[in-house]
Amino acid sequence: MPHNAQFLTDLQGGLIVSCQPVDDGPLDTIPAIVAFAQAASNGGARALRIEGADNVAAVAKACDLPIIGIIKRDLPDSPVRITPFIADVEALAAAGATVIAVDGTDRVRPVSVADLLAAIHAAGCLAMADLATEAEARLAKQLGFDILGTTMSGYTGGPVPAEPDLDFVAACRRLGGVVVAEGRYNTPAAAASAIAAGASAVCVGSAITRTEHVTEWFRTAVDDAARNSSATVLALDVGGTKTLAALVRNGGILERQAIPTPQGVGTDTWFATIGALATDWQGRYDAVGAAVTGVVQDGHWSALNPRTLAIPDRTPLVQRLTALFGVPAIALNDAQAAAWGEYRHGAGRAQDMVFVTVSSGIGGGIVLQGRLLQGANGLAGSLGQSRGAPKAERLETRASGFGMAASASALGHTATTHEIFAAVENGLPWAVALLDKAIEDLAVGLGDLQRLVDPDVVVLGGGIGMLPQFRDRLVARLLLEPDHLRPAIRPAALGGDAGIIGIADLCRAR
């Protein structure tokens, strides 16, 4: 074992900085590389990765950190670029490298991996294999390499992935020994994820020492944000009773119109009616977003409660909207879209929140740590579909507008929700009892939701949920709950516009 093997122990849990500027760029000079190395040392790096014998010698003279040395060559008869010759190994060892890295992939090469490894150890250095696959890692381990590096994953054929290969890190970890995660670890979070996946250390290059690349990343992000902020979205909100269409730009509604939700959902006639809503807006929008009652999974729309809206199972909503309007389209459950709208521009801004809408049906959406939860089947936040007990009717059936009207009918009072609330105002016992039962059922559901999700705030919206007499009774009922189990109810700030604002914002982002 080489005498400097203590390096392997010291490297554990450390950061390696690859000081390799863009080839022929303004920082591709020995003084600049030395300065990068010194800055990395000052920042707490455990080691450096340096390309070129002259650069290694200069950094070794100016900096005390151990160096992983490489030499890159473009060969006419081999795709291998990293330290392909024994002469390269000897030059790096003479320059002061502690570790010498070679391309350990299974590709045509001028010198075998085994011969390069023998030369590295003969020179008294540690050997690192830059690898792309688990099979290559297994062979490198058997040959006796001191360090397995994931450097080449994604770079030996096909499109280069955007994300680092954490699965490969974990596979190398299972082989044992020292594992260096390298390749596309361009954020602190990504570097931390490599350690969590089992890496002994993480090597970061472009994000630290390639200013041109980092500038391009930021410029692209700024350009995209600027372009998206000026995009206009045709937003649709399809509910059980009403359909709203609007032009939305950067959280503001430019124009709108509403119609009763057409019959025959999913038919050609239905789509034609929806399309007619935007006839006067042709050419004025860049994308379409639809917030719809029911569930959307993989662009297909289905009913959660056919009593609210009878949707043919797996209606290809996104495909039909894209063809209908001639622009990219997305679709999402309306309560989830409204949750995002209230999070971005309304009463739940920048907080862990749940949005609950009580109208003809009951829906919900959850935003945690800045992320809208949709769930594996698009059901996240669907409070109205909860039952509370075996064989019980879903909450939506018991406490929504349609549910209260059905309960009134069962009592012999044919009444709309508007008439029910008028009867409550007049103190009619049957109406008060009916409303109190709906409030009780909803309060229990909200209490369970608080226990499961524990949000900072519950934003209450919907045509019924926004009625003061409904909200006040609900808040009064929740006062019976212990403080730490009581949802903090806040009225929706965007009202009935939450869905179209939310879906437009999600549409811009995508």
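Heavy-atom basis, side chains included; hydrogens, waters and symmetry copies ignored. Keep in mind the model is a prediction, meaning the values are calculated, not measured.
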_When you compare the side chains of T414 and S409, does any donor N or O come within less than 3.5 Å of an acceptor on the partner?_
no
*Mutual orientation of the aromatic rings belonging to W270 and W301 [parallel < 30°, tilted 30-60°, perpendicular > 60°]*: tilted
_Contact summary for C507 and A287, nearest pair of heavy atoms_ = SG-CB, 3.5 Å
*Does the pair D497/R256 count as a salt bridge with the N-to-O cut at 4.0 Å?*
yes
*Are D286 and R249 close enough, and set up right, to give a salt bridge (Lys or Arg N to Asp or Glu O under 4.0 Å), and what steps lead you there?*
CA-CA 10 Å; D286 305 289; R249 181 186 300 150; over 6 Å; no
_Contact between V459 and V356 at the side-chain level, heavy atoms closer than 4.5 Å - yes or no?_
no
_Where A415 and A405 come nearest, the two heavy atoms and their spacing_ = O-CB, 3.7 Å
*asked:* So for atom CD, which belongs to E163, do other residues, nucleotides or ligands contribute more than 12 heavy atoms lying within a distance under 6.0 Å?
replied: no
*Give the intermediate values and the outcome of side chain to side chain contact (heavy atoms under 4.5 Å, CB included) for residues L442 and L474.*
CA-CA 8 Å; L442 182 60; L474 177 61; 3.9 Å; yes
*Kindly give the heavy-atom pair with the smallest separation between D28 and V22, and that separation in Å.*
CB-O, 3.5 Å
*Can you tell me if D313 and S302 form a side-chain donor-acceptor pair at under 3.5 Å?*
yes
*Any side-chain heavy atom of D505 sitting closer than 4.5 Å to one from H345?*
yes
*Taking all non-hydrogen atoms of both residues, which atom of P455 and which atom of V354 are closest, and how far apart?*
CG-CG2, 3.8 Å
*Do the side chain of R184 and the main chain of S153 share a donor and acceptor less than 3.5 angstrom apart?*
yes
*Do we see a donor-acceptor contact under 3.5 Å between the side chains of E255 and W281?*
yes
*Does S206 offer a backbone N or O that forms a donor-acceptor pair with the side chain of T209 under 3.5 Å?*
no
*Taking all non-hydrogen atoms of both residues into account, name the closest pair between T322 and A329 and its distance.*
OG1-CB, 3.5 Å
*Let me see the working for F421 and F470 under side chain to side chain contact (heavy atoms under 4.5 Å, CB included), right down to the final yes or no.*
CA-CA 9 Å; F421 279 95; F470 183 88; 3.9 Å; yes
*asked:* Rounded at 0.5 Å granularity, tell me how far OG in S200 sits from CZ in R46.
replied: 11.5 Å
*Any side-chain heavy-atom pair from P487 and L446 closer than 4.5 angstrom?*
yes
*Distance-only, no hydrogens or angles: does the T315 side chain make a donor-acceptor pair with backbone N or O of P312 under 3.5 Å?*
yes
*Check for a donor-acceptor pair, side chain of E136 on one end and backbone N or O of A132 on the other, with a separation under 3.5 Å.*
yes
*Return the minimal non-hydrogen interatomic distance between V424 and V432, and the atom names on each side.*
CG2-N, 4.1 Å
_side chain to side chain contact (heavy atoms under 4.5 Å, CB included) evaluation trace for L247 with V233_ = CA-CA 6 Å; L247 292 180; V233 175; over 6 Å; no
*Examine distances only and state if a side-chain atom of S382 and a backbone atom of Q385 form a donor-acceptor pair shorter than 3.5 Å.*
no
*asked:* Any non-hydrogen side-chain atom of R477 less than 4.5 Å from a side-chain atom of D436?
replied: no
*Check whether any side-chain N or O of Q336 sits under 3.5 Å from a backbone N or O of A380 as a donor-acceptor pair, and report yes or no.*
yes
*Under 4.0 Å between a Lys/Arg side-chain N and an Asp/Glu carboxylate O for E342 and R349?*
no
*asked:* Looking at Q369, is its backbone amide N or carbonyl O close enough to the side chain of D352 to form a donor-acceptor pair, meaning the two atoms are under 3.5 Å apart?
replied: yes
*Test N305 against R394 for side chain to side chain contact (heavy atoms under 4.5 Å, CB included), laying out the working first.*
CA-CA 9 Å; N305 185 353; R394 68 188 85 193; 3.7 Å; yes
*Would you say T220's side chain and E216's backbone share a donor-acceptor pair under 3.5 angstrom?*
yes
_Backbone of G363 reached by a side-chain donor or acceptor of E396 within 3.5 Å_ = no
*Should R49 and V17 count as side-chain neighbours, where that means a heavy-atom distance under 4.5 Å?*
no
*If you measure from CG on L494 to CZ on F355, what distance do you get to the nearest 0.5 Å?*
8.5 Å
_Has R490 got a side-chain atom pairing as donor or acceptor with A347's backbone, closer than 3.5 angstrom?_
yes
_Contact between I489 and V475 at the side-chain level, heavy atoms closer than 4.5 Å - yes or no?_
yes
*With respect to T243, which candidate in L236, I274, T273, D237 satisfies the side chain to side chain contact (heavy atoms under 4.5 Å, CB included) definition?*
I274
*Do F36 and L27 touch side chain to side chain, with heavy atoms closer than 4.5 Å?*
yes
